Enquirer: 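Below is one structure. I have some questions about it.
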Amino acid sequence: MSIRHGLLALLERGPRYGSQLRTEFESRTGSTWPLNVGQVYTTLSRLERDGMVAQDGADDAGHDLYTITDNGRAELRSWFESPVDRSSPPRDELAIKLAMAVGAPGVDIRHVIQSQRHHTLKAMQDYTRLKAQALADVPANRDEVAWLLVVEQLIFQAEAEARWLDHCEARLVRLAEAAATEPAAGAGTATTRGPARFPAGRPRTRR
């Protein structure tokens, strides 16, 4: 998530101070990715260093205001116009957990999958309720529309994760069945494979 670009987008609407930016960022995203004031001011300092924002006096309460510069607007336009790079995906704790659980002594990977599926489906139900609440009244402003987009993305993400967990469990079942039917080494059929856990080569996750 690009905090710096999110702050630039908010500053394009007019001068803001740090805690105001935090409040508006969380309102726009439904507090899905909460920020603290320290993160906001650290990011503002870097943006100011890079010439993308500038201090613009203070409001009546004495809060230091920041405004976006022409360089900041150019950076924001470039961000909006460029696709999000997926060539280096962030580490996913669940994918790493399942990868490590495969073949780990004493770990029932199907239990790990079933436990995660229960949690994922519960989260999806919670997100669906939030969506229903958001749609109970027609979204009245841009913040409510933005939150609706965010919560729908969370629903789609949870649905995809549930499907992937189903796929993982089905693959494990197939591999276990294949291992059970393989001739034992030395029983008249030569084999160069080790313990029958995965086919030769690195397992790949299909979407």
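Note that the structure is predicted; figures quoted are calculated from it, not measured.
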Enquirer: Please examine the side chains of D126 and K122, heavy atoms only from C-beta on, and report whether any two atoms are closer than 4.5 Å.
Expert: yes
Enquirer: How close do E26 and P34 get, heavy atom to heavy atom, and via which atoms?
Expert: OE2-CA, 3.4 Å
Enquirer: Check whether any side-chain N or O of Q116 sits under 3.5 Å from a backbone N or O of I113 as a donor-acceptor pair, and report yes or no.
Expert: no
Enquirer: By side-chain contact (heavy atoms from CB on, under 4.5 Å), which residues pair with N71, not counting sequence neighbours?
Expert: T69
Enquirer: List the steps, then state whether salt bridge (charged side-chain N to carboxylate O under 4.0 Å, His left out) holds for D70 with R73.
Expert: CA-CA 5 Å; D70 289 341; R73 289 190 179 88; 3.6 Å; yes
Enquirer: Is there a path from F25 to L149 through hydrophobic residues (I, L, V, M, F, W, Y) whose side chains come within less than 4.5 Å of each other?
Expert: no
Enquirer: Could you give the distance from CD (E81) to OG (S78), rounded to the nearest 0.5 Å?
Expert: 7.0 Å
Enquirer: What are the two closest non-hydrogen atoms of A162 and T120, and how far apart are they?
Expert: N-CG2, 4.1 Å
Enquirer: Out of L76, D50, V53, which residue meets the side-chain contact (heavy atoms from CB on, under 4.5 Å) rule with R4?
Expert: D50
Enquirer: Determine, stepwise, if the pair Q20 / H63 fulfils side chain to side chain donor-acceptor pair (under 3.5 Å).
Expert: CA-CA 10 Å; Q20 184 180 17; H63 298 115; over 6 Å; no
Enquirer: Would D64 and Y17 satisfy side-chain contact (heavy atoms from CB on, under 4.5 Å), going step by step from the backbone distance to the final call?
Expert: CA-CA 6 Å; D64 291 330; Y17 55 87; 5.8 Å; no
Enquirer: Given side chains that start at C-beta, do those of H119 and E161 come closer than 4.5 Å, heavy atoms only?
Expert: no
Enquirer: Does any part of the side chain of R86, heavy atoms only, come nearer than 4.5 Å to the side chain of V84, both counted from C-beta?
Expert: yes
Enquirer: The test is side-chain contact (heavy atoms from CB on, under 4.5 Å); show your working for T32 and W147 and say whether it passes.
Expert: CA-CA 9 Å; T32 303; W147 161 233; 3.3 Å; yes
Enquirer: If you compare all heavy atoms of A158 against all heavy atoms of M124, which two are closest, and at what distance to 0.1 Å?
Expert: CB-CB, 3.8 Å
Enquirer: A side-chain contact here means heavy atoms from C-beta on lying under 4.5 Å apart; do E169 and R117 qualify?
Expert: yes
Enquirer: In this structure, which one of T128, T29, L130 forms a side-chain contact (heavy atoms from CB on, under 4.5 Å) with V151?
Expert: L130
Enquirer: First locate atom CG of L154, then atom CD of E152, and finally report the distance between them rounded to the nearest 0.5 Å.
Expert: 10.0 Å
Enquirer: Please report the shortest heavy-atom distance between L8 and G72, naming the atom on each side.
Expert: CD1-O, 4.0 Å
Enquirer: My understanding is that only one of V40, L11, L10 makes a side-chain contact (heavy atoms from CB on, under 4.5 Å) with Y66; could you say which?
Expert: L11
Enquirer: Would you please test R46 and M52 for side-chain contact (heavy atoms from CB on, under 4.5 Å) and show each step?
Expert: CA-CA 9 Å; R46 292 171 179 166; M52 296 183 189; over 6 Å; no
Enquirer: Under 3.5 Å, side chain of S27 to main-chain N/O of T23, donor-acceptor pair present?
Expert: no
Enquirer: Is it true that, when you exclude N36 itself, more than 12 heavy atoms of the residues, nucleotides or ligands shown sit nearer than 6.0 Å to its CG?
Expert: yes
Enquirer: V145, I155: one ILVMFWY side-chain cluster at the under-4.5 Å cut-off?
Expert: no
Enquirer: Could you please spell out the steps behind the side-chain contact (heavy atoms from CB on, under 4.5 Å) verdict for R28 and E144?
Expert: CA-CA 7 Å; R28 186 68 65 88; E144 291 181 4; over 6 Å; no
Enquirer: Do I3 and V37 share a hydrophobic cluster, counting only Ile, Leu, Val, Met, Phe, Trp and Tyr and linking them when any side-chain heavy atoms are less than 4.5 Å apart?
Expert: yes
Enquirer: With sequence neighbours left out, what residues match Q153 under side-chain hydrogen bond (donor to acceptor under 3.5 Å, both in side chains)?
Expert: none
Enquirer: Measure across L44 and G18 and return the closest heavy-atom pair with its distance rounded to 0.1 Å.
Expert: CD1-CA, 4.3 Å
Enquirer: Count the heavy atoms of every other residue, nucleotide or ligand shown that sit under 6.0 Å from CZ of R13, and state whether that count exceeds 12.
Expert: yes
Enquirer: Please tabulate, for side-chain N and O atoms in residues 91-112, each donor-acceptor pair with protein atoms closer than 3.5 Å (sequence neighbours left out).
Expert:
unit_1: D92; atom_1: OD1; unit_2: L94; atom_2: N; d: 3.1
unit_1: D92; atom_1: OD1; unit_2: A95; atom_2: N; d: 2.9
unit_1: D108; atom_1: OD1; unit_2: R110; atom_2: N; d: 3.1
unit_1: D108; atom_1: OD1; unit_2: H111; atom_2: N; d: 3.3

